[in-house]
Student: 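Got a structure for you, written out below as structure tokens; questions coming shortly.
No experiment lies behind these values; they were computed from the predicted model shown.
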Amino acid sequence: MQNDVSVFEVGPRDGLQNESVLLPVEQKVALIHKLVDGGLKHVEIGSFVHPKWVPQMADTDEVARTIEKKPGVAYWALVPNMRGLERAIDAGIKHVAFFMSSSETHNQKNINRSISESLVAMEELFKLALSEKLQIRAYISTVFGCPFEGEVDFDRVLKIGDRLLELGAQQISLGDTTGMGRPLQVQEGSKRAVERWDSDRVALHLHDTSGLGQTNAFAGYLSGIRAFDSSVGGLGGCPYAPGAPGNLATQTLVNLLESLGRPTGISRDSLRETTQWLEDDIGFNLTQRRSL
Ligand code: HMG
Ligand code: MG
């Protein structure tokens, strides 16, 4: 059977941005190489955000220049604005992920802009990225709940997604930023997104903050979602939930997809070894965080 599911590994970006330990470039590069060797075809290697806002990502330029790129693998980077996009292009990045939130307060706190200001700024970003022939995906955050505003009207999510697709995004990644999504809500939201945009243009970006990541992935799967974001070992966390796990763990996701008869091409042994390496050699305690 053909792989008709995609796994986007976001550990080196979403995972590490939420860890208090700052990894040196060599360790980040080693992590990315291990993930690719284990079969991951999409890896988000870091972000070009302001180094004062997220010091964990300050050296993404050097990481991007140092990694050995394998053919057939997409090395993604998260980009917040024009300065970030210029840095990404200079560093040789060919796959960029733009982002904004579906709740005003989160968008303001995260990128210092209103939703409408973000949508205007996106026009220039897409224009430059498309002229550079970059692949583009776009995250919409807080789609299943905002830590400041609570429930978010899913109609607003769909309207933002429409605009981002119109501008040229190849895929919208629906972000459950702080793991507030409930399974039936995720099933319903995913169904609406897949019906509107098609399953190859939607991904689910789940955080496991409340332990519902895997259940929510299954809920999305039942609604036709076939692309999922995850982080190795559940690396990461949440500033609003001390001690909580980060993104849905890649091994949990791979296990789920393969149990549903969908081959991923990703080695579970390799994911286990990489997680062990993160724990033994780098010093993360991922096992403890996984057991909420
Ligand atoms: P700002 O302070 O409003 O920026 O930050 P500004 O445009 O006013 O510029 C101020 C100064 O910063 C200028 O320098 C710029 O050049 C510089 P000066 O002229 O004063 O010397 N600057 C930069 N320097 C380096 N790289 C840049 C950059 N931009 C401006 N990119 C900004 C605005 C967007 C940059 C800031 O708010 C920021 O970095 N925010 C990112 C926060 C972040 O990383 N959040 C986490 C990622 S999102 C996420 O995790 C959610 C996701 O996983 C999905 C989900 O879970 O839902 C994706
Ligand atoms: Mg995230």
Side-chain angles (χ1 to χ4, degrees), residues 7-70 73-78 91 93 97 177-179 205-209 211 213-214 228-255 264 266-292:
V7 176
F8 284 71
E9 171 63 45
V10 296
R13 194 278 303 171
D14 208 354
L16 294 184
Q17 82 181 12
N18 281 306
E19 296 289 350
S20 48
V21 182
L22 266 67
L23 259 60
V25 169
E26 314 81 76
Q27 286 181 341
K28 289 184 179 180
V29 169
L31 172 61
I32 294 161
H33 287 170
K34 283 175 192 294
L35 292 165
V36 171
D37 289 345
L40 280 144
K41 297 279 182 237
H42 296 272
V43 181
E44 201 168 66
I45 64 150
S47 64
F48 292 94
V49 299
H50 198 300
K52 280 203 196 116
W53 285 55
V54 187
Q56 294 91 330
M57 295 288 114
D59 51 14
T60 299
D61 315 63
E62 202 182 333
V63 171
R65 290 195 177 95
T66 311
I67 47 176
E68 272 174 41
K69 299 203 181 94
K70 277 197 181 168
V73 177
Y75 298 88
W76 294 87
L78 190 79
I93 289 290
T177 315
T178 54
H205 175 98
L206 298 167
H207 282 253
D208 201 22
T209 326
Q214 184 180 17
F228 299 87
D229 302 355
S230 60
S231 79
V232 62
L235 193 65
C238 171
Y240 311 103
N247 298 81
L248 169 63
T250 305
Q251 39 272 72
T252 306
L253 174 64
V254 167
N255 198 11
T264 61
I266 300 165
S267 154
R268 279 194 258 167
D269 285 345
S270 170
L271 291 172
R272 202 174 304 120
E273 281 162 26
T274 303
T275 304
Q276 204 65 54
W277 173 79
L278 284 166
E279 292 192 310
D280 296 348
D281 292 35
I282 316 284
F284 291 119
N285 188 345
L286 301 171
T287 324
Q288 194 181 318
R289 266 183 278 168
R290 261 178 273 152
S291 54
L292 260 186

Student: Taking the side chain as every heavy atom from C-beta outward, state whether Leu253 and Leu206 have any pair of such atoms under 4.5 Å apart.
Tutor: no

Student: Report yes if some heavy atom in the side chain of Asp14 is under 4.5 Å from a heavy atom in the side chain of Ser231; otherwise report no.
Tutor: no

Student: Are Tyr75 and Ile67 packed together at the side-chain level, in the sense that at least one heavy-atom pair is separated by less than 4.5 angstrom?
Tutor: yes

Student: Flag the pair Leu23 / Phe284 as yes when at least one side-chain heavy-atom distance between them is below 4.5 Å, and no otherwise.
Tutor: yes

Student: Parallel, tilted or perpendicular: which describes the rings of Phe8 and Trp76, with under 30° parallel and over 60° perpendicular?
Tutor: tilted

Student: Is any side-chain heavy atom of Val232 closer than 4.5 Å to one of Leu286?
Tutor: no

Student: CG/Leu16 to CD1/Ile45 distance, rounded to the nearest 0.5 angstrom?
Tutor: 11.5 Å

Student: Return the set of residues passing side-chain hydrogen bond (donor to acceptor under 3.5 Å, both in side chains) with Ser230 (not counting sequence neighbours), or none when no residue passes.
Tutor: Thr250

Student: Taking only residues at least two apart or on different chains, which pairs with a member in residues 31-45 satisfy salt bridge (charged side-chain N to carboxylate O under 4.0 Å, His left out)?
Tutor: Arg13-Glu44, Asp37-Lys70

Student: So do Lys28 and Asp59 actually touch side chain to side chain, heavy atoms under 4.5 Å?
Tutor: yes

Student: Could you work out, with side-chain contact (heavy atoms from CB on, under 4.5 Å) as the rule, every residue matching Arg268, not counting sequence neighbours?
Tutor: Val254, Asn255, Glu258, Arg272

Student: Could you pull out all donor-acceptor pairs under 3.5 Å where a side-chain atom in residues 46-56 meets a protein atom, sequence neighbours excluded?
Tutor:
{"residue": "His50", "atom": "ND1", "partner": "Lys52", "partner atom": "N", "Å": "3.0"}
{"residue": "Gln56", "atom": "NE2", "partner": "Gln17", "partner atom": "O", "Å": "3.1"}
{"residue": "Gln56", "atom": "NE2", "partner": "Glu19", "partner atom": "O", "Å": "2.9"}

Student: What pairs with Lys69 under salt bridge (charged side-chain N to carboxylate O under 4.0 Å, His left out), at least two apart in sequence or on another chain?
Tutor: none

Student: Ignoring hydrogens and geometry, is there a side-chain-to-backbone donor-acceptor pair from Gln251 to Gly233 under 3.5 Å?
Tutor: yes

Student: Show your reasoning for whether side-chain contact (heavy atoms from CB on, under 4.5 Å) applies to Leu40 and Leu271.
Tutor: CA-CA 10 Å; Leu40 280 144; Leu271 291 172; 4.2 Å; yes

Student: More than 12 heavy atoms of other residues, nucleotides or ligands under 6.0 Å from CD of Gln27: is that the case?
Tutor: yes

